Every structure is written in C-alpha cells, then in structure tokens.
Protein chains: 2
Amino acid sequence: MNLKDLSDYLGLSQTTVSRALNGYPEVSEKTRKRVQDAAAAHNYRPNTRAKGLATGRTMSIGHVIPISARHEIVNPIFADFIAGAGEIYSKNGYDMHLTVVPDTDEARVYRDIASKGSVDGVIVHGPLQNDPRIKLLQDLGLPFAVHGRSGRGDEDYNWVDVNNARAFERATNFLIDLGHRRIALLNGNEKMDFAARRRLGYLTAHGARGLTHDPALMFSDEMTEHYGYASVLRALDHPSPPTAFLISSIISSIGARRALEERGLQLGRDISIITHDDELSYLKNGEDLPIFTATRSSVREAGRICAQMVLDVIANPTSPPQHRLLESDLTVGNSTGPAP
Amino acid sequence: MNLKDLSDYLGLSQTTVSRALNGYPEVSEKTRKRVQDAAAAHNYRPNTRAKGLATGRTMSIGHVIPISARHEIVNPIFADFIAGAGEIYSKNGYDMHLTVVPDTDEARVYRDIASKGSVDGVIVHGPLQNDPRIKLLQDLGLPFAVHGRSGRGDEDYNWVDVNNARAFERATNFLIDLGHRRIALLNGNEKMDFAARRRLGYLTAHGARGLTHDPALMFSDEMTEHYGYASVLRALDHPSPPTAFLISSIISSIGARRALEERGLQLGRDISIITHDDELSYLKNGEDLPIFTATRSSVREAGRICAQMVLDVIANPTSPPQHRLLESDLTVGNSTGPAP
DNA sequence: TATGCATACCAAAGCGCTTTGGGTGTCTCG
DNA sequence: CGAGACACCCAAAGCGCTTTGGTATGCATA
C-alpha cells in the first residue's frame, strides 16, 4: 500500500492525503479523520526512502562502532550506550544506523556515510586524544555529537563526557587518605581521551600530596577481564608491590579480583581496589551493597543525553555547540580499607 | 556531488556514468576508467536513498534488539554478535539498521519496518519458544534469519543455533561422571528457546542416569552477574546443597564465583562449575588456561553465519530454508573436580 | 453586482538514482 | 557497396514521497 493506492482508494489527490497525514492545516478535519482512519486500516506507512529523498532527511543517526584492530575487541559499554540512545531515537521517530569497523579505517566510513547521505547525523564513539574524526566531521558538515572529548579545543563541537580527571583524582585521594602510598593504575588504552584524563587525575592527586608515582605500576590497555587479571599479577610481583589498585573498568576489576583470589589475598583488607563503574545493566556493581568502591556514572544515561544532543543539533543547526560534563559519584564498598 | 553533476562534468549522460560505475558491459573500458577516476577524485558516492528508491533494495539489514521490559537489561552477548554480523555486512556493501525496543512490543516494530520498507531483511534476536515474530515475518514476506530457534516446526525458516540441549546434556554427564549427584542449574529465562533446550539437556542426562532432579536447585532468569551470585547463595543454603553448578552464562558464573569466595568455598574442589561460554571478546574464559570448564561456542561466529544467511536469502528468495546447528566444545578447566 | 478572502482541494515538479528502449556510428562480410 | 552486427552512448520514465503553485467554491463585504 503506497500513497497512490491510498489516495486512489479515498478518491483524493496524493497531495491532500500527504497533507492530511502530516498535519498540515490546508485540509478539513473531516477529511483528515477519514484519511487517518483509512491509513490505519490499511496499515499504511510512508516509504522511508521516498520520504527521505523528498525531504532530504533520513530520520536516522549513524553510529560507527570501532573494533580494536589489534585485539578484535568490541567495547562492552557499547551495548548499554546504544540502549540509552535507542530510547531517545524511538521517542523521536529516528532510527539507528550502525557500522562496525576496525578502528584503523573509521575515517573512510565517516566519509562514506556523509557522501552517501544515509544519515542526518552521527555519534562519535571512543574519541582518541586529538581525534582526526572531529575535524573530518566538521569539514564534512555532518551534525555530530561525541561520547567523550578529544584533547584540547573542545569548545567547538558537541560532547557528553564524564569528568574523568576529577573522578580519578578523588579516587586516588580517597586511597591516599586511607594510608596507601603505592597505588597501581590499571587504565584503559591511553591513546583514548578518557584514559588520558583519568591518568591525569591520578597524577594530579599524587602531585598534590607530594607522592611520586611509579611508572612500573601504571598499566594501559584495552579493558578486558584478562588485562585486569594479568596486570594485577604483574604488579604484585613487583619488588615493592602496590597496596591498592585504581581500575578503569568493572570488567577488568573482575579479573583483578580473580588474581587476588588466586594469590590468597583478601580484597579490602590486604589489597584495596577502586573501580570505575559504568553501571552496565548485566554487570551491576552489586544489587544493594556495592561490591567495589567505585566512581560511578551511567553510560546508558550518557547515551540518552548524547542522542538528544545530535537531535537538537539537527533541529537547530545554527545553535552554539552543547557540552555536558557529568560528575561521577564515589560509592564506597567493601573493596577498600586502610593500607596494611 | 551527485550523478548529474558528475555526468555534466564528464560530458556524458547520467545513464552512461551510472552504467560505468555499476559495471555494465555497454560502456567502453576507456570511458569506464575515466568515469571511475572522476568519481574517485570528486569523492562521489551514489545517494543511498535514491538508489534504494530506484532499485527497490535498501542494502541494509534490520536488527531489533529486545530490552527486557522488566529489568531494563540488554543482553551482553549482543555486542559480539553484532560485531560478527557487521563484518559480513561491510564485506557485502550492506548496512545495519538497529532498533532497540522493550521486548513487549517487538511485533509492532517488525510491522513498521516491513511497511516502511527500510530494510531488505531482518535478524531475529532472542527467540522465545513459539515466538509469534516468526509467523509475523513469514506473513509480512520479509526475508529473515533467526539467531536461535523457536520451539517445534523449525523447518520452514532460516536459523543458526547452538546445539544447546546436547551441550548441557554433555556437561551434566561430565559432572555426573565426576560423582556429583546434586547439580544445580542456573539457566537463562526459560521462556527463551535456548534456555528451554538447555533445561531439556540437563533433564535428559538426569533421566538417562536414573537421577532425579530437584526443582529447588533449578533457577531461571536473566543472566546477570547478580543472578549468578544470588542463586548460588540460595542453592548453598538449601538443606541438601548442590556440589556442582551448571550455569548458562559466563557473566552469571562470575557472580557465582563471587558467592563461593564469600562463603570460603574453593572452586573445583568444594564446588564444581561448568559454564556456557559465548567467547565474548572482552570476557574470555581465560587467555591460555581456561578459567571455567565450559561448553563453548562463539557468538561472534554465529553473528557471521546468521548475517550471511539473510544475505543469501535475499539474493536467492526461492531457495529452501537454511539451518545451521553449531556444536559446542566442552573445554575442561579448573572449575570442576570430583564430588567431595 | 463585483470584489476580496478564506477554505479545501489538486496537478505537476522535483528529490537522485536505475533502467528501458532506443539511436548513432563503425566494422565486417557477402 | 549495402546490410547487418556490434559497440557505445543517450533521453526519458519511473521509484514513492513532499511541496510549490495553483484552482474552484462559498461567503461576507462594499
């Protein structure tokens, strides 16, 4: 059933039917009702492509999901972010257009998307420090919002980010206050902006308290379970091992816990851990009692905000860039205690 | 830059340029080369919507991601499945169209997608037993492939599934052979087809060995970490507690391990665990040595196969339905041992 | 009676592409 | 030398919608 069929059936022109369905005033309420009823009865929905061609809008937002080319790992926070964004999209009649691509040739994909005109805007995932994608998208004139930021000069594009530096500074201070002096950092890949900022927070706290950090206790890689496990073992084998760990992801923290268990060390007594918690739906940091002391910020909520942001930009292309810096809670669990 | 601009620039008709780019024989190789070079130089890509309108194909596949309406949980295996499917899509010039939707009104979404004509085919995620979506899609005439199966009558649609019954039967037998007699089952939501089959395998093994199962040791819910944790505690508090657990997801197994740790029980000695392992990229079952004894099957590979299957159906609509039943490995790790 | 102005509708162009149904020039062969 | 055959190219229709630029009708006003 297409517009022509429907208008033939109703004995009206396509113009009138289209206007009736799209809420234009040039059609009597009686006719509009008749058209709407017929459309519902025949289960008519305008063809997306045709509508897109005619209006120049696709009503869909592109997400380019980078897959680590080195390790073939897809970021686990992605599922929850998408869930949040998807909520907003369906509320606004938008669709989500997904491309998974090795993180080595993301630029090509953005270029493709832009010239194929298949989306009205895009969300940038996992920005690096000084990510070239941002300039590219600005040049292409494609509306976009970034989940995270990208180094300096973050004034002239739209982003939603967690205050990563602050979160990790607070967490580090919390540990220092408990008497810890050797604190290991299991960070994400520090080419990524969020990880660089977390590192900064960690270093800032050290500096402010007159402590020196030990590069041998600072790790940076993709945040898998195994990374947490292996890094903790390595740190513990250091001649002067840490008494506390600051970990960038709850997934790696699970690996860390496994390592401690294997070594017979008790979490919160022998070794303290603070983790960052993205509030993944299937991997909550405890239901009522938190498992880990954690800096907490919902990635799903970030997805919602980010999605709303692109939609705003699309609706209002001339408005100034929007920024949203989310503060994270510091929830105290049983994984931290005074330094032994 | 659109077709008209490009053909004007080249002094050729749109027809010729279109044919040159799409590999039709009616154009000289010399001209084709000239056209291709110009297209590349001007970064020309045909507009997706226009192409779709003209050809009747969208070159995109729809994925409808159900979110548990009760618990707002998005299935963690989803990210890896998508990664696998995305690989195949980009190799074949297809895109992925995503809709996240509460699992209560998925049907509406499929109906929408079909009448809006925004995709060439869809993948069905997380089929229930006797899932109404399958009949719906057949009625709508939309090509589709199911990740999993849906109860009886699985001959007349396309699916990729793991042999869940067999996997869990083997795992149960393995535990029985080790002397375990009270084996708890931490299953997924048994409205889902995969979980029902796993339950069946578990029961079959019990029956074949003349053992009776205890409903008090059988759990069914969404497979979160907390579910694993809470269920293990509950099972251990049973007057006659189990000596082994069979767990449907590595995520829940992590929760299970946490519960054991809390109770001071040693995995593989006091309590045995066999888990199902979807080979999630960020949550591998150990890097070299497996953490858990596990029935293993790559969900990413399933994504690849499933994607290829829809593409095949689209290319060849009259071919008979394809089925692919993947057998899972049983890898032995340190989480199992003789019954105490 | 003529004019103005809403109101309610419509025909047709246009979005950017593919594809049908030719057309023209060159070559080959009887 | 004329007729097919072939290679190469083109104009225009059509995909399903929105939107521009109307027209016809009815009614109040001057």
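Predicted model only: the values in this text are computed from it and were never measured. Just so it is clear, the values below take in all heavy atoms, side chains as well, and ignore hydrogens, waters and symmetry mates. Throughout, protein chains are lettered first and strands after them, A, B, ... in sequence-line order, and every chain is numbered starting at 1.
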- Query: What nucleic acid atoms does B:Ser28 come within less than 4.0 Å of, heavy atoms only: base, sugar-phosphate, or nothing?
  - Reply: sugar-phosphate
- Message: Classify the ring geometry of B:His125 against B:His147: parallel below 30°, tilted from 30° to 60°, perpendicular beyond 60°.
- Response: perpendicular
- Query: Which sits closer to the 5' end of DNA chain D, B:Arg19 or B:Ala50, going by the nucleotide each is nearest to?
  - Reply: B:Arg19
- Query: Quick one: does B:Asp120's side chain have a donor or acceptor within less than 3.5 Å of a partner on B:Ile61's backbone?
  - Reply: no
- Item | From C:dA11, D:dA11, C:dT18, nucleotide with atom closest to A:Ser13 side chain | C:dA11
- Item | Separation of atom CG in B:Asn22 from atom P in C:dG16, rounded to whole Å | 18 Å
- Item | Any donor-acceptor N/O pair, B:Asn22 side chain to B:Tyr24 backbone, under 3.5 Å | no
- Message: Looking at A:Thr15 and D:dT19, is any side-chain donor or acceptor paired with a base atom of the opposite kind under 3.5 Å?
- Response: yes
- DNA chain D: A:Thr55 or B:Val17, which has the more 5' nearest nucleotide? B:Val17
- Does a nitrogen or oxygen in the side chain of A:Tyr24 sit under 4.0 Å from OP1 or OP2 of D:dT18? no
- Item | Options D:dG16, C:dC17, D:dC9, nucleotide nearest the side-chain atoms of A:Ala54 | D:dG16
- For the pair made of CD in A:Glu26 and C1' in D:dG21, what is the distance, rounded to whole Å? 12 Å
- Message: The side chain of A:Thr16 is closest to which nucleotide in this list: D:dG16, C:dC17, C:dC9?
- Response: C:dC9
- Query: Phosphate oxygens OP1/OP2 of D:dG16: is one of them under 4.0 Å from a side-chain N or O of A:Lys4?
  - Reply: no
- Query: Under a 4.0 Å N-O cut-off, is there an ion pair linking A:Asp193 with A:Arg149?
  - Reply: no
- Out of D:dT18, D:dC15, C:dC17, which nucleotide sits closest to the side chain of B:Leu3? C:dC17
